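Reviewing the structure listed below.
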Number of protein chains: 2
Amino acid sequence: MVTKIALVEDNPSLQRRFLLNFSFFEEIEVLFCSPSGEQFLSEIEERNDNGHDLPSVVLMDIELPGITGIDATLALKESHPDIEVMMITVFEDEERIMDSLRSGASGYLLKDEPPEVIVSSVAELIAGGAPMTAKIARKIIAGIQSPEKNRDKPSSKPGFDLSERELEIIKLLVNGKSYTQTAEILIISPHTVKTHIKNVYKKMHVHSKASLVKIAIKKGII
Amino acid sequence: MVTKIALVEDNPSLQRRFLLNFSFFEEIEVLFCSPSGEQFLSEIEERNDNGHDLPSVVLMDIELPGITGIDATLALKESHPDIEVMMITVFEDEERIMDSLRSGASGYLLKDEPPEVIVSSVAELIAGGAPMTAKIARKIIAGIQSPEKNRDKPSSKPGFDLSERELEIIKLLVNGKSYTQTAEILIISPHTVKTHIKNVYKKMHVHSKASLVKIAIKKGII
DNA sequence: TATTCAATACCCCAAACGGGGTAAACTAAG
DNA sequence: CTTAGTTTACCCCGTTTGGGGTATTGAATA
């Protein structure tokens, strides 16, 4: 069975290296490769709308121009919870590992893993596993056992490149306020609130308040 | 300054004891006393709609007929985050204490506290404090330091006396589905989905999907 | 048996929401 | 000085949601 995957990687040479490596494995088909989280999410939306193939697995870099791979994962999982995400990155700090898993990634590998390991990890992921090295597994256990690092920050920072005003409006909406009520509280026109929300939806790649609330809570914008 | 409070207590003799005790303190005015969480929430909604006085502080029992005081607190905080809640109960298990605090209660006293302590705790609560006995404070620290008891159950059980079908529909809505999509997935009419949601809203005392999503996540109906 | 409850489905209607525009005023950065 | 970004505000449109009903069926229970 051929597994369709997508890459999110901004470094062109690494991108080429991945594509070359995967070309030797016929069980893997790379559908597309995006250089940023935003472009990746747009590509997914477009394919979804046009009825084109979607990947079963996404190999996601963390450090990217624009939104992080962690936020991109959060947004992807909101609209496509069935697509599996494996982080492939140079970072191995507890913080980013835990944030990735909380965002919905199921695997976590380092960039220097040999191609065979990455390919077999993709298979493991589809089989329902959670591929990662022993070293990373140990850090995850540590992360779970240190509650101070879990509390008060469900994920990382605000993220998604939102402006102050946008965050302010999100907080009110998440707390159950309508556009009209939010407008009254901030003493601006309801049209303005709507404009802000439209921009927020574009930035976060969501299409409803329910999804906004879910992601906002996960990211701790409570 | 007179502080307006409300009581939620089903035991009639305890109810009378509280009312009698508070009558000796002119800084406390008991607006009303409800024998169940549902009746309390309805009373709050009615007063809010009619422009009548709302309490600044609610003394909440946990064990109640119908929904628990913890769920009543969760629902109250969703619509009125400024109303302070102090649990007054016979329970002192870590589980219920933590659940109460997660639901939004700021104080936690035992029913055998002398009236002066309760009255001064109300003042402390309004001043921004978190009144509780040393014994309970110690249990809270323990609760925070035991992550196994935090994970996978943000609060207690489903709660709110929801039926299986209602829970099923809530899960879909919280995951971003519209009424129509939910109806298609469950192979029922969108009218039926709406009927269920109307019933859920009544049970949970919310009036929007955003609030539903928030409470559902807090209670782990994810 | 009678009654209650869960689940189903429809009616009506007004308000809220989501997405597509355009555009002005102001600030900050190049 | 020009460009980019933020905040403000309006237009259009169709869809979704929330709240008020009523009503039938089947299962469980008093």
Side-chain angles (χ1 to χ4, degrees), chain A residues 38 41-42 45-46 48-49 65-67 75 78-79 158 160-216, chain B residues 38 41-42 45-46 48-49 66 75 78-79 158 160-216:
Chain A
E38 289 89 339
L41 291 168
S42 299
E45 282 176 353
E46 201 181 311
N48 189 62
D49 293 345
I67 68 173
E78 184 60 31
S79 54
F160 285 111
D161 199 27
L162 301 166
S163 75
E164 276 310 309
R165 197 55 156 175
E166 286 166 348
L167 275 174
E168 205 171 1
I169 287 173
I170 289 175
K171 281 176 193 162
L172 288 167
L173 288 194
V174 169
N175 281 312
K177 304 286 182 290
S178 69
Y179 291 0
T180 319
Q181 290 173 317
T182 303
E184 281 166 4
I185 291 168
L186 299 180
I187 324 186
I188 53 178
S189 155
H191 291 115
T192 307
V193 174
K194 231 182 95 175
T195 303
H196 283 302
I197 287 303
K198 282 193 286 189
N199 293 332
V200 167
Y201 280 11
K202 276 178 194 158
K203 284 183 182 176
M204 297 179 65
H205 292 263
V206 298
H207 307 282
S208 73
K209 258 209 266 191
S211 300
L212 172 67
V213 171
K214 245 181 83 183
I215 293 191
Chain B
E38 290 88 341
L41 291 168
S42 299
E45 281 177 354
E46 201 180 311
N48 189 61
D49 292 346
E78 183 60 30
S79 54
F160 287 110
D161 198 28
L162 301 165
S163 75
E164 275 310 308
R165 197 54 157 176
E166 285 167 348
L167 276 173
E168 205 171 358
I169 288 174
I170 288 175
K171 281 176 194 164
L172 289 167
L173 287 194
V174 169
N175 281 311
K177 305 285 182 288
S178 69
Y179 292 1
T180 319
Q181 290 173 317
T182 302
E184 280 166 3
I185 292 168
L186 299 179
I187 325 185
I188 52 178
S189 157
H191 291 114
T192 307
V193 174
K194 232 184 93 174
T195 303
H196 282 302
I197 287 301
K198 283 193 287 190
N199 293 331
V200 166
Y201 281 10
K202 277 179 193 157
K203 285 183 183 176
M204 297 177 66
H205 292 263
V206 298
H207 308 281
S208 74
K209 257 208 264 188
S211 300
L212 172 67
V213 170
K214 242 182 85 183
I215 292 190

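In the text below, chain A, chain B and the rest are named by the order of the sequence lines, each starting its count at 1. The structure presented is a predicted model; accordingly, all values stated were derived computationally and were not measured. Only this structure's heavy atoms are used, side chains among them; waters, hydrogens and symmetry mates stay out.
Looking at heavy atoms from C-beta onward, L172(B) lies out of side-chain contact with Q181(B) at the 4.5 angstrom threshold. Taking 4.5 Å as the limit, some side-chain heavy atom of K203(B) sits within range of a side-chain heavy atom of E166(B). At a threshold of 4.5 Å between non-hydrogen side-chain atoms, the residues K214(B) and N175(A) count as touching.
Atom-to-atom, CD of E168(A) to P of dT8(D) comes out at 8 Å; the value is rounded to the nearest Å. Here the P atom of nucleotide dG20(D) and the CG atom of N199(B) are 12 Å apart, to the nearest Å. As rounded to whole Å, 16 Å separates atom P of dT17(D) from atom CG of L173(A). Residue E184(B) contributes atom CD, which lies 13 Å from atom P of dA9(C) at whole-angstrom precision. One can place CD1 of I187(B) at 11 Å from P of dT8(C), the figure rounded to the nearest angstrom. The interatomic distance linking K209(B) (NZ) with dT16(D) (C1') rounds to 8 Å, in whole Å. The separation between I197(B) atom CD1 and dA9(C) atom P is 15 Å, rounded to whole Å. Distance Q181(A) CD to dA16(C) P: 8 Å, rounded to the nearest Å.
In this structure, of dA16(C), dG21(C), dA6(C), it is dA16(C) that holds the atom nearest to the side chain of S178(A). The Y179(B) side chain lies nearest to dG18(D) when the options are dG21(C), dC17(C), dG18(D). Counting only heavy atoms from C-beta on, T195(A) has its side chain closest to dT8(D) among dG18(D), dC10(C), dT8(D). Across dG19(C), dA9(D), dG19(D), the shortest atom-to-atom separation from the side chain of Y201(B) is found for dG19(D). The side chain of R165(B) sits closest to dT8(C) out of dC17(C), dT8(D), dT8(C). Listed nucleotides dG19(D), dG19(C), dT8(C) differ in distance to K194(B); the shortest reach to its side chain belongs to dG19(D).
The residue among T180(A) and K202(A) whose nearest nucleotide of DNA chain C lies closer to the 5′ end is T180(A).
Across all strands shown, T192(B) has heavy atoms under 4.0 Å from base atoms, whether or not it also approaches the sugar-phosphate. Residue-level contact check: H191(A) touches the bases, meaning some heavy atom is under 4.0 Å from a base atom. Within the nucleic acid shown, S208(B) comes within 4.0 Å of sugar-phosphate atoms alone, with no base atom in reach, counting heavy atoms only.
The side chain of S163(B) places an N or O atom within less than 4.0 Å of a non-bridging phosphate oxygen (OP1 or OP2) of dA7(C). Phosphate contact (OP1/OP2 of dA6(C), side-chain N/O of H196(B), threshold under 4.0 Å): absent. For the OP1/OP2 pair of dC10(D) and a distance below 4.0 Å, the side-chain nitrogens and oxygens of S189(A) include at least one atom meeting the criterion. Considering only side-chain N and O atoms, K198(A) lies nowhere under 4.0 angstrom from the phosphate OP1 or OP2 of dG19(C).
At a threshold of 4.0 Å, the pair E168(A)-K171(A) does not count as salt-bridged, since none of the basic side-chain nitrogens sits closer than that to a carboxylate oxygen.
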Problem - Derivation and outcome, side chain to side chain contact (heavy atoms under 4.5 Å, CB included), residues I170(B) and H196(B) - result: CA-CA 9 Å; I170(B) 288 175; H196(B) 282 302; over 6 Å; no
Problem - Chi angles and distances behind the side chain to side chain contact (heavy atoms under 4.5 Å, CB included) call for L186(B), R165(B) - result: CA-CA 10 Å; L186(B) 299 179; R165(B) 197 54 157 176; 3.9 Å; yes
